[in-house]
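Reviewing the structure listed below.
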Number of protein chains: 2
Amino acid sequence: MSNTDKQNRMAHAIRFLAADAIEKAKSGHPGLPMGAADIATVLFTKFMKFDPTCPSWADRDRFVLSAGHGSMLQYALLHLLGYEDMTIEDIANFRQVGAKTAGHPEFGHASGIETTTGPLGQGIGNAVGMAIAEKLLATKYGADIVDHYTYVVAGDGCLMEGISQEAITLAGHLKLNKMIVLWDDNNITIDGTVSVSDSTDQLARFKASGWNTDSVNGHDQEAIAAAIEAAQKSDKPTLIACKTTIGFGAPNKAGTSGIHGAPLGTEELAGTRKALGWENEPFDIPADIRDAWRIAGLNAAHSRKDWQKRLDALDAEVKADFERRMRGDLPSGLDEALDAYKKELAAEPKTVATRKASEMALTVINEAINETIGGSADLTGSNNTKTKDTAPVTPDDFSGRYINWGIREHGMAAAMNGMALHGGVIPYSGTFLVFADYMRGAMRLSALMEQRVIYVLTHDSIGLGEDGPTHQPVETLASLRAIPNMLVFRPADVTETAECWDLALKAEKSPSALSLTRQNLVPVRTEYVSENLCARGAYVLSDTDADADVSLFASGSEIEIAMEAQKALAAKDIKARVISVPCFELFEAQSREYQKEVLGNAKVNVGIEAAIRMGWDRFIGTDGIFVGMSSFGASGPYKALYEKFGITADAIVSQVEAELSQAEAAE
Amino acid sequence: MSNTDKQNRMAHAIRFLAADAIEKAKSGHPGLPMGAADIATVLFTKFMKFDPTCPSWADRDRFVLSAGHGSMLQYALLHLLGYEDMTIEDIANFRQVGAKTAGHPEFGHASGIETTTGPLGQGIGNAVGMAIAEKLLATKYGADIVDHYTYVVAGDGCLMEGISQEAITLAGHLKLNKMIVLWDDNNITIDGTVSVSDSTDQLARFKASGWNTDSVNGHDQEAIAAAIEAAQKSDKPTLIACKTTIGFGAPNKAGTSGIHGAPLGTEELAGTRKALGWENEPFDIPADIRDAWRIAGLNAAHSRKDWQKRLDALDAEVKADFERRMRGDLPSGLDEALDAYKKELAAEPKTVATRKASEMALTVINEAINETIGGSADLTGSNNTKTKDTAPVTPDDFSGRYINWGIREHGMAAAMNGMALHGGVIPYSGTFLVFADYMRGAMRLSALMEQRVIYVLTHDSIGLGEDGPTHQPVETLASLRAIPNMLVFRPADVTETAECWDLALKAEKSPSALSLTRQNLVPVRTEYVSENLCARGAYVLSDTDADADVSLFASGSEIEIAMEAQKALAAKDIKARVISVPCFELFEAQSREYQKEVLGNAKVNVGIEAAIRMGWDRFIGTDGIFVGMSSFGASGPYKALYEKFGITADAIVSQVEAELSQAEAAE
């Protein structure tokens, strides 16, 4: 058997593992694994650097299957290459409850899956972040320690999604030359040929974004190999258009959208076996091909020992720092630094916007930690994400720690996911809270993948004033709180902001969204407490001496108003307690007893937040008073807007009085 | 004064109205209006077709300020051109509460504002939709009646946003030759020069997408005019890169990011007056310039009378149909058709997925109405949005009524907004519910602008099965219900689906999101009722004879489970009523009495929805039982997933029993 023959049959092994697993599951997408099997075979047998016995090797090449519906391609590869936790049973169990082999690749289900994909275009964005992380770490620790490629297999759908434009213009601008995208250029989408909905000249488009481009026959393994070799030498990121036939090998369905997302069916599958000369039963791989793949898995790992030697030869402190960062552990100095900072704040309370408070906290953090990488989607001066001591990353200098992401929220968020997944860095970056809507597709994946990505979301209510309803979030807090595993923090002053930052950094398995004001806020935490009170999610900020008539629950900028209302109510002999609610999700994690204590049993419960009510019933009950928004906002100076929408201490007092007198009348 | 001189001074009038209004408001974005004033002057004095005395003229050219932060450009134009509802007082009242002159242009605030912009890139997407609507209507009613351009002024930010890629590839593919984008190519973003974050060759990028491109000095009015003239003749959409100086005229701040988004300040503004030779006080326009602008306003309208004659000469029925469509009124036949369809369904109840039920309803609707334009983001066969009788729109044939949007959710939604804003068409289109996240930026604007845009969102829960957590919405329903003025419908069977479609079509001032299943549902509405029960938002679907022990509130696919639970509880002598909740928002619009009646006073309230609890407390109280999701989903056959996550009749029964026995013990 010629070498080419064997390589072809290695690709067929992928094809049949995929087609057979999908047939058994009666569900899945055979088109891509069968079409891109040659690409994957070349990449994994000739180029990729990894070790199936040490999947977490820090300097491995990263592989991203951006076209995640082709998940069986990745599962087949992992199995064939000898990843122990991807057995043939796992393959046969494709798409069943509890299986590692989910419908789309899920990060954390099995080693070798570098990211969760499926929502199209996200993988390209993740890869940008991985390639950025690689350059940052290579600059810091040297190319002896960090020097790997990031490969992507993307489909037509990935390239049509707008997020891909944000990703590729970023990659081109930042000259991410070690990012190589293999485009499964099969000319088919679900609705038919690409020409049904698109006429883009993709190579020209990528060139316009500063990419190196190439085009090859995606079933000619030698041509693919030559293109990858050339790409590795480019000083730009590379797109290789690999012309493929979707569902390659299927006698009738190949080249049609009919094979994209449905099992082949018994007859077509039998026909494919015949056409490709594959005689083995489902899930049975010929011994020579199995061996060839295992050898490829061994070969891919051959440089790891040398790498380990270089790592061991590093200065002990540097090595420990690198390993700590790759583990995702925080250094020991952070707690002390933040505690000292909280003491300072208590000694000299400051009236600042929480976006400014965030910058102040970040100044402490960025000095204590060297792995935080900041940024903003072109709102640096507004998001206050850049601390003085962090220099910007530029295309030719990755020694900085701040990224000007441009006006690309979605690409930024997807790249931050990639950075966190890569490891060694903790990404945080800013935009306006309302524009969380532009990157929600990626934020959801931060939460699903349990990645520590920190979103700094300023201008968090009508409090931003004149920019008006397009820029004023009213539903955004609720919509973010709705995402499972997303920690949404809305601190009320400088101290709470520092505490929330601390919590966000320590939430190793959750992304965080910090909701911060544009407008100044009076400090409410004026006494030093060593405990991080925000860690409880909600806590009594200001209690009454005796049983409370009223509980005032509020967050962020509305705490100030709650405190005013408390005072005004006291003047009328109505006893009110104020509960600060910086984080719904952390409150839910507290004990029942603590929750009960915080919720209290006042006659009247009031929720105050310059946003919609959704979610607040948890604190105030369905019969509680809610002082907030029930419509979009308006343009005007912010104090006038608070008046207009009735979010004032006066409004609280009068509603509380009405409620109390009604209650009395009813008694 | 030479002609060129006068044209320059006409542009200065815009510059000073903008700079002075922003100075007075102490807030706003002078950079764009000052930089793009020449472009706007050329466009509005030499090309745009409109009538300030008849702003709703159906065949007017559409103008979209995609860079909405430059709102003062548009307000200045409207005022100068003689739109009566844009007075100098309105200009002077810029960014104040209640003013028409909001921070960003708000559709509905003043005539001549064709769309709400501010969130970057949306305007380009809207313009694509307007240009599509124009071609559709021109094809149907003839170029004598519909024949206008759609112009866009876009900034660097618009072009960086991913949504712009989706928009321009759509425009290029569909050959929207009457769409002309004037790019305010000033090389400045908030964070500095464009080179800080981007290196894209925009002309090459647009060319790759099938656009005609040109580049001119954006302060040379003759060159701009020549470029627009050439663009009008192109058979492709055109991008004109207009090289401008941001904040043109300001002696120190022009050409810097410092003038993008802040008032000039007294000194710089005085300097600008000096530099541009402008001696008038703020808000005072020299008489000759004022006259010149008014004459331009009159000239722009000169073709309207002839157009009216052509319209009047149409066949009476065709004319009436055109006018009805442009008003947005539905034709009379719809109610009868839907009623007949409901009778059919009652006579022969069908077990189908609600996505299929949607297609069935649409088949009736698309026959009764000729203005519905369907589509899908490359999921036609899954969303069931294409009815047999509607042909696809192709680049060379706009007689169809179905658009293959490609894998471009955000661009699709923004274009649908543009179609609705244009008038004459009712856009509906599909994707998976979870990918609402990809287009949320545009969906929010549908709601804010009160546009009848119908989102068909299928595969609406873990019920989609094997595709797994990336494709399974759990938080999406809550996040959409959070948007003010967004009607979220989740019908439970064929009949409810028909009713919800009816409501979506009749909601003239609200977008709708139809949440539909992949899996089959047993019909629960088996008797014909002429009333649209879904119009109440929630209603008692199945009552008990006597006082209920339990109220089971559910929506969509979980109604079936609630009905099963009711039966199982009855077998244990526990009386349960089932309340169908197809639309939270419409329920809130009902009378207090009706709401009380529906909520009832059972001992135990249960909410059942294969999604998160957020929002359901309204129905079940904070102490109600919720049977749904509290995490992301999983990959597997859907029935196994319902078991896994405990969303079953058995689970409901056992929780109800536990609650009832606990309540008894407490008595």
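So that the names make sense, note that chain A is the first sequence line, chain B the second, and so on, each numbered from 1. What's counted below: heavy atoms across the whole structure, side chains too, no hydrogens, waters or symmetry copies.
Proximity to chain B (any heavy atom under 4.5 Å) is restricted, for A/Ser631, to the backbone atoms N, CA, C and O. Using a 4.5 Å cut-off between heavy atoms, B/Thr117 contacts chain A through its backbone alone, with no side-chain atom that close. Heavy atoms of B/Gln472 lying under 4.5 Å from chain A belong exclusively to its backbone. If you measure heavy-atom distances from A/His69 to chain B, you find no contacts under 4.5 Å at all. Heavy atoms of B/Ser164 lying under 4.5 Å from chain A are absent altogether. Contacts between A/Gln202 and chain B at a heavy-atom distance below 4.5 Å are absent for every atom of the residue. Contact of A/Ala447 with chain B is made through backbone and side chain together, with heavy-atom distances under 4.5 Å. In this structure, the portion of B/Glu106 lying under 4.5 Å from any heavy atom of chain A is its side chain and not its backbone. For B/Val434, the part sitting under 4.5 Å from any heavy atom of chain A is the side chain, from C-beta outward, and nothing else. Residue contact with chain B, scored on non-hydrogen atoms closer than 4.5 Å, involves the backbone and the side chain of A/Thr189 alike.
Heavy-atom pairs under 4.5 Å with chain A were tallied for B/Gly68, B/Pro119, B/Gly172, B/Ala102; the largest tally goes to B/Pro119. Counting heavy-atom pairs under 4.5 Å between each of B/Gly411, B/Ser209, B/Ser27, B/Ala25 and chain A puts B/Ser27 at the top. Of all the listed residues (A/Gln96, A/Met439, A/Met614, A/Glu409), the one sharing the greatest number of non-hydrogen pairs under 4.5 Å with chain B is A/Met614. Of the listed residues B/Thr394, B/Thr116, B/Thr380, the one with more heavy-atom pairs under 4.5 angstrom with chain A than any other is B/Thr380. Chain B forms more heavy-atom pairs under 4.5 Å with one residue of A/Glu161, A/Lys644, A/Arg205 than with any other, namely A/Glu161. Comparing A/Ile483, A/Leu448, A/Ile168, A/Thr169 by how many heavy-atom pairs each has under 4.5 Å with chain B, the most go to A/Leu448. The candidate from A/Ala634, A/Gly468, A/Pro637 with the greatest count of non-hydrogen atom pairs under 4.5 Å with chain B is A/Pro637. Between chain A and the residues B/Gly636, B/Gly98, B/Gly465, the largest count of heavy-atom pairs under 4.5 Å involves B/Gly636. Among the candidates A/Lys386, A/His173, A/Arg440, the residue making the largest number of heavy-atom pairs closer than 4.5 Å to chain B is A/His173. Considering only heavy-atom pairs separated by less than 4.5 Å from chain B, the leading option among A/Glu166, A/Arg613, A/Arg444, A/Met629 is A/Arg444. For the set B/Ile407, B/Leu170, B/Thr622, B/Ile612, the count of heavy-atom pairs under 4.5 angstrom toward chain A peaks at B/Ile407. Of the listed residues (B/His471, B/Glu643, B/His410), the greatest number of heavy-atom pairs within a distance under 4.5 Å of chain A belongs to B/His471.
In this structure, A/Asp201 does not pair ionically with B/Lys207, as no charged nitrogen and carboxylate oxygen lie closer than 4.0 Å. Ion pairing between a basic and an acidic side chain is recognised when a charged N comes within 4.0 Å of a carboxylate O; A/Lys26 and B/Glu466 show no such pairing. A salt bridge links B/Arg408 with A/Asp198: the distance from a Lys NZ or Arg NE/NH1/NH2 to an Asp or Glu carboxylate oxygen falls below 4.0 Å.
With contacts defined as side-chain heavy-atom distances shorter than 4.5 Å, the pair B/Ser635/A/Val97 does not qualify. Within the 4.5 Å cutoff, the side chain of A/Trp405 has no heavy atoms near those of the B/Ser197 side chain.
The heavy-atom pair separating A/Ala204 from B/Ala208 by the smallest distance is CB-CB, 3.7 Å. Between B/Val474 and A/Pro484 the shortest heavy-atom distance is CG2-CG, 3.8 Å. The two residues A/Thr470 and B/Gly118 make their nearest non-hydrogen contact at OG1-CA, 4.5 Å.
Expressed to the nearest 0.5 Å, how far CG of A/Asp191 lies from CG of B/Leu379 amounts to 7.0 Å. How far CG of A/Asp467 is from NE2 of B/His104: 4.5 Å, rounded to the nearest 0.5 Å. Distance check, rounded to the nearest 0.5 Å: CD1 of B/Ile190 to CG of A/Asn404 gives 12.0 Å. Rounded to the nearest 0.5 Å, atoms CG (A/Leu445) and CZ (B/Phe632) are 8.0 Å apart. Atom CG of A/Leu120 sits about 6.5 Å away from atom OH of B/Tyr438, to the nearest 0.5 Å. Rounding to the nearest 0.5 angstrom, the gap separating the OG atom in B/Ser199 from the NZ atom in A/Lys236 is 11.0 Å.
For A/Ser71, the side-chain contact (heavy atoms from CB on, under 4.5 Å) partners two or more places apart in sequence, or in a different chain, are A/Tyr75, A/Phe94, A/Pro105.
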